[in-house]
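To keep things clear, I will list the structure first and then write my remarks on it.
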Amino acid sequence: MLGFGSERLRLDMNRLLALLFHQGVLDEQFLQLQQLQDESSPNFVSEVVNIYFHESEKLLRNLRGLLMIEGKITVDYKKMGIHLNQLMGSSSSIGAKRVRNVCVAFRAASEQNNRIGCLRALELLEHEYCYLKNKLHELFQIEQQRNLAARVRYPLMHN
């Protein structure tokens, strides 16, 4: 019986990853990130991704703030472009393909000073970001359970 739980969880992780790749949520950069994880840094991927989430939430708040101030006549599209470039770069570095792609469209709308296009892109960006965050948290929870299951040791019975 030992190891079956760990194996089932590994299969669950692989199925979830396959789904995220099939949906275009993640790309091969995420796999490269995983290859950097080893026994000396067993939580490397989740730590990098959590830093990404922390920084991304600040950038999303800044983007929303630039667009949503009531009575605001002009939008600082240059500042918006800087935030989008940061989010695009960090999304690329962890393999968040759909988030990065929405950033590209968002940046195109900001370069055209298209506030309505930017608002639509922001809504889509927030949706894609939340989906990514939820799915990666799910993946890390399964990985954590798998690691715990793999370490379970049953005491030997002595007569």
Side-chain angles (χ1 to χ4, degrees), residues 9-148:
L9 292 166
R10 187 185 64 76
L11 291 171
D12 289 348
M13 280 179 61
N14 289 342
R15 274 195 284 277
L16 180 54
L17 272 175
L19 172 70
L20 296 175
F21 279 94
H22 177 73
Q23 293 175 333
V25 173
L26 296 175
D27 65 21
E28 60 283 343
Q29 185 62 36
F30 187 79
L31 294 176
Q32 291 178 9
L33 196 61
Q34 284 185 311
Q35 290 172 351
L36 297 173
Q37 184 165 293
D38 58 20
E39 280 78 38
S40 68
S41 56
N43 300 317
F44 177 76
V45 176
S46 64
E47 289 168 4
V48 168
V49 169
N50 282 325
I51 291 168
Y52 165 79
F53 287 146
H54 180 73
E55 294 302 313
S56 296
E57 285 172 18
K58 280 195 258 179
L59 292 168
L60 287 167
R61 271 194 309 275
N62 291 342
L63 289 166
R64 179 162 285 289
L66 287 169
L67 282 168
M68 303 302 277
I69 297 173
E70 285 297 316
K72 191 173 195 179
I73 307 294
T74 60
V75 174
D76 188 344
Y77 290 104
K78 185 174 182 165
K79 191 178 250 184
M80 190 178 299
I82 291 168
H83 293 319
L84 285 167
N85 285 338
Q86 289 175 330
L87 186 55
M88 223 172 0
S90 59
S91 297
S92 291
S93 71
I94 69 153
K97 184 178 178 181
R98 282 195 345 204
V99 170
R100 184 195 66 232
N101 290 346
V102 174
C103 286
V104 170
F106 196 156
R107 188 175 63 183
S110 74
E111 287 170 351
Q112 297 168 358
N113 296 349
N114 178 351
R115 186 172 185 188
I116 299 299
C118 287
L119 287 167
R120 284 190 196 118
L122 177 62
E123 188 176 320
L124 183 57
L125 181 59
E126 289 173 333
H127 171 79
E128 289 296 340
Y129 172 79
C130 285
Y131 185 76
L132 173 73
K133 186 174 183 178
N134 289 335
K135 290 301 177 185
L136 288 182
H137 276 309
E138 184 181 338
L139 181 72
F140 296 144
Q141 283 180 326
I142 296 169
E143 183 178 40
Q144 195 172 38
Q145 291 170 0
R146 180 178 155 241
N147 291 339
L148 287 172

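No side-chain heavy atom of L125 sits under 4.5 Å from any side-chain heavy atom of E128. Between Q86 and H83 the shortest side-chain heavy-atom distance falls below 4.5 Å. Looking at heavy atoms from C-beta onward, L26 lies in side-chain contact with L136 at the 4.5 angstrom threshold. You'll find the side chain of V45 stays beyond 4.5 Å of the side chain of E143, heavy atoms only. Proximity of T74 to D76: side-chain heavy atoms (C-beta onward) are nowhere separated by under 4.5 Å. M68 is listed as a side-chain neighbour of L119, based on a closest heavy-atom distance under 4.5 Å. Between R115 and Y77 there is a side-chain heavy-atom pair separated by less than 4.5 Å. The shortest side-chain heavy-atom distance between E126 and L60 falls under the 4.5 Å cut-off.
One finds the CG atom of L36 at 10.0 Å from the CD atom of Q34 (value rounded to the nearest 0.5 Å). Annotation: the span from S110 atom OG to L67 atom CG amounts to 9.0 Å, rounded to 0.5 Å. One finds the CZ atom of R15 at 9.0 Å from the CD1 atom of I142 (value rounded to the nearest 0.5 Å). Considering CG of N114 and CZ of F106, their distance stands at 10.5 Å, rounded to 0.5 Å. Between atom CD of residue Q141 and atom CG of residue L139 there is a gap of 10.0 Å, rounded to the nearest 0.5 Å. Here OH of Y131 is found 6.0 Å from CZ of R98. Values are rounded to the nearest 0.5 Å.
Remark: side-chain polar atoms of Q37 are paired, donor with acceptor, to backbone N or O of F44 under 3.5 angstrom. A distance-only check finds no donor-acceptor pair linking the side chain of R146 to the backbone of D12 [under 3.5 Å]. When atom types are taken as modelled, the side chain of S93 and the backbone of S90 share a donor-acceptor pair closer than 3.5 angstrom. S56 contributes no side-chain N or O that, together with a main-chain N or O of F53, makes up a donor-acceptor pair within less than 3.5 Å.
Heavy atoms of other residues, nucleotides or ligands lying less than 6.0 angstrom from CD of Q144 number 12 at most.
The shortest heavy-atom contact between M80 and L63 is CG-CD2, 3.4 Å. The two residues V99 and L132 come nearest to each other via the heavy atoms CG2-CD2, 4.0 Å. Q29 and S92 make their closest contact through CG-O, 3.1 Å (heavy atoms, listed as atom of the first residue, atom of the second, distance). Contact record, I94 with F30: O-CD1, 3.3 Å, taken as the closest heavy-atom pair. Here the closest heavy-atom approach between residue A121 and residue V102 is recorded as O-CG1, 3.7 Å. For S46 against N43, the heavy-atom pair with the smallest separation is OG-O, 3.1 Å.
Here salt bridge (Lys or Arg N to Asp or Glu O under 4.0 Å) pairs that include residues 45-56, with residues two or more places apart or in two chains, are E55-K58. Sorted by first and then second residue, the salt bridge (Lys or Arg N to Asp or Glu O under 4.0 Å) pairs with a member in residues 24-37 read D27-R100; sequence neighbours excluded.
Comment: K135 engages E138 in a salt bridge, judged by a side-chain N to carboxylate O separation of less than 4.0 angstrom.
Side-chain contact annotation: E57 with Y129, donor-acceptor N/O pair under 3.5 Å present.
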